[in-house]
Structures are given as structure tokens and as C-alpha cells.
Undergrad: 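Before we start, here is the structure in question, set down as C-alpha cells.
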Amino acid sequence: MTRPAQALIDLNALRHNYLVARDLHGGRALAVIKANAYGHGAVRCAQALQGIADGFAVAFAAEAFELRAAGIKGPILILEGCFDSQELIECARLGIWMAVHQESQLVAIEQTSLPAGSIHAWLKIDSGMNRAGFELYEVTAMHARLTACISVMDITLMTHFAQSDEPETHATQKQIDVFDAATGHLPGARSLSNSGGILAWPLSRRDWARVGIMLYGADPMPVQSHDLIPVMSLQSQVFAVKMLDPGESLGYGATFTANVRMRIGLIAMGYADGYPRCAPTGTPIAVDGVVTRTIGRVSMDMLTIDLTDFPQIGVGSKVECWGQQIDVNMVAKLAGTISYELLCNVKRVQRVYVGD
Ligand SMILES: *Cc1c(COP(=O)(O)O)cnc(C)c1O
């Protein structure tokens, strides 16, 4: 028997979530499949969405080239834009759209002699996140310089939100207002919403959404119910069972000590597979359909769970670390992080696809 750890990826759920997002948004939507589709496998996810999605977005050129090499057609936007003129030329040749968020990228476009109309530029404006993007006072001038380049086919105006998943704060509305004030006089399509924008900020819904975490069914606002289906189920099995006597400690650092006689299950899943080491004792985990808890420290290749109350569960029982039964948001919260990081970190385990 091979090691039973796997990430089961449900491509029907992926397509379902995409359509939920696009329906809510009302306009076109790029499926954001950067970072290997948040750990789900970019090529397979793109293939599953091909013909359904209006286009794709990734972080940088090499991620886009991989998709083109795998035969993915249609728009692919690189959210960080090009890093040099070599990439710029290759992106234009392959019909890859690009963010333009700093002057060096604009200069590279001005200085190349690419064919007329070969560049689709997404002019990124900093509306308050203070990360990437042009300052408000620069927008008009940068837009004019892009417009003057014959290589530029069209310009989409974009911005990104810092707190879209915090509906109780005013920050996102302020970013929307700032963006509108800075761009109201400029032509072109608009793109404001990421997943949080689509879900919580109807006024951010414009021509193009950029749907990331929602696609994978990990709701950025899990207290509300948004008809999303988890795409990944991170699974393994119990491969050994042992008893712990009162006073005995378990695992690295002896962070857990039994005070009654306990039954412990060993699971083939560890932090080298992407399960977070900092998930504390008590993190929920499902086994044969019931929910129990992790015990002791997560190690590189295995973790340990409490089976004291489940005598029927033993070697070969099926474990779900997150998926349909265990919300990845819950594990992330206990580990002090967000679902995005846990999903992106999944590695070493085999990805098994269903719903093709
Ligand atoms: C990653 C990313 C997104 C997707 O964000 P989600 O919160 O996952 O929906 C959208 N826009 C930009 C610029 C991004 O970098």
C-alpha cells in the first residue's frame, strides 16, 4: 500500500464556485489561479474552467507561460506585470495581459517596438492599500502615456482592496470612492473586486472581477453562507493506533500529557505535506465521518489524533484534515493564519482529481 495522504480536488465544485462568483458579480470574471491555483494545480484547474471562465489571472509571467504551454487559450492576466522587456515581448507574443503598476513597466512598454495593438494593459491604481499601484495624482499622466503607445490595444483600470473581507469597516467603501474620483474622467473597463469585494461590496462590482479564494470554496467571510463548495479535501488514513497512560506525554516537545488512559491514532500527514505545524492540540479533524481533535505537536510526516471516544475507529479509517466536514478556515484560524496560506502550502501529497 502506498502512503494514503492525498489532496482530492473536486473540479465540479470549482466550476460551481466560479459560476456563483460570476453570477453575484454580474460582469465578467477572471479565475485567479496564481500560486498553482492556491495549491489546487493550475493547469488542471484552468483546463476544468476552459470554455466557462472569461479568463484567468496569475501572479507573474512564468505562471502564464505554463498555462499557454498546456494549451490554455483566452485571456490570462499577470497581476504583478512584467519584470523586464524580455518578459514583455514574450507576453505580448502569447497574448498575455499585464498589470502596469510602476513606471519602469510603463517605460519598458514605451521603449519596445512591439506590433500595434499587441498589449492589453491593466493600469493599477493605489486607492489606499499602499502596496502596488500608481498614486492618485499620477493616474491621468500614466494613462495618457499608455494611450500614446501604439503597441497598447486597450487599458483596463484596476485597484485592489486591503480589507474587503471586513464588511464592518469603512475602508473598502473609501477605496471605491477614491478610485472613482481618480478615474471618473478616464475611458476603459474597470476591475475592483476580489472575492471579498464580490461578496460584501456590491458597489465594487464593475466590468471584471478577479475571483480567487471563492473559487476554491474557502469563504473569506465564513460566518455568512454563500453557497460555496470546498474544492480540496486534504485526506489521509489512520496507519497505527497506540495507548497513552496517564502521565505519559506525546510527541516532540512533550507538549501534551495524558491525565487519563487515552487511545491515539497516528495519521500519515505532516507539515511537510502542508498541514500547519502551529495547529494546536484540539484542532478539529474528521475521521470516518466523526469530528475529533489533534493531540500534541504536528510533525513533519505525521500527526496524532484523539480516538479515546471512538473505539470503532482504527487502522485504515479515513481522515479529512479539511474539506467538506472540516472548514479550512477553522484550521487556519487555530493555526494563526488564513485559508489562503494553508491551501497554497499543500505539497508532496498526490493531487487526485474528480469531476473531469
Ligand atoms: C490574489 C489577487 C486576487 C484574488 O484575491 P482573492 O481574495 O483570493 O479573491 C485579486 N486581485 C489581485 C490583485 C490579487 O493579487
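Here the structure is a predicted model, which is why all the values come from computation and not from measurement. Indexing begins at 1, ligand by ligand and atom by atom, following the structure's order.
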Undergrad: Answer yes or no: is there a donor N or O on one side and an acceptor on the other, between the side chain of T294 and the main chain of P280, under 3.5 Å?
TA: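 Yes: the side chain of T294 pairs with the backbone of P280.
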Undergrad: Could you tell me whether some N/O pair between V32 and ligand 1 is separated by less than 3.5 angstrom?
TA: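 In this structure, V32 places no N or O atom under 3.5 Å from an N or O of ligand 1.
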Undergrad: Check if H160 has a non-hydrogen atom at a distance under 4.0 Å from any atom of ligand 1.
TA: yes
Undergrad: Below 3.5 angstrom, do we get any N/O pair linking R210 and ligand 1?
TA: yes
Undergrad: Transitive ILVMFWY cluster of L250 at side-chain heavy atoms under 4.5 Å: who else is in it?
TA: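 Same cluster as L250: F239, L244, F256, V260, M262, I264, L266, I295, M302.
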Undergrad: Using a heavy-atom cut-off of under 4.0 Å, does the side chain or the backbone of I213 touch ligand 1, or both, or neither?
TA: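 Both parts.
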Undergrad: Do any nitrogen or oxygen atoms of R131 lie less than 3.5 angstrom from nitrogen or oxygen atoms of ligand 1?
TA: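 In fact, backbone or side chain, R131 has no N or O that close.
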Undergrad: Using the ring pair (Phe, Tyr, Trp, His ring centres under 6.0 Å) criterion, which residues pair with H16? Sequence neighbours excluded.
TA: none
Undergrad: Closest heavy-atom contact between P276 and V298?
TA: O-CG2, 3.7 Å
Undergrad: Do side-chain atoms of T281 reach the backbone of G296 as a donor and acceptor pair under 3.5 angstrom?
TA: yes
Undergrad: Please classify the K34 to ligand 1 contact at 4.0 Å (heavy-atom distances, strictly less than): side chain, backbone, both or neither.
TA: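 K34 to ligand 1: side-chain contact only, backbone stays beyond 4.0 Å.
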Undergrad: State, without any angle test, whether S191 and R206 hold a side-chain donor-acceptor pair at a distance under 3.5 Å.
TA: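 There is no such pair (donor and acceptor under 3.5 Å, judged by atom type) between the side chains of S191 and R206.
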Undergrad: Under a 4.0 angstrom heavy-atom cut-off, which atoms of ligand 1 come close to L79?
TA: 12 (C), 13 (C), 14 (C), 15 (O)
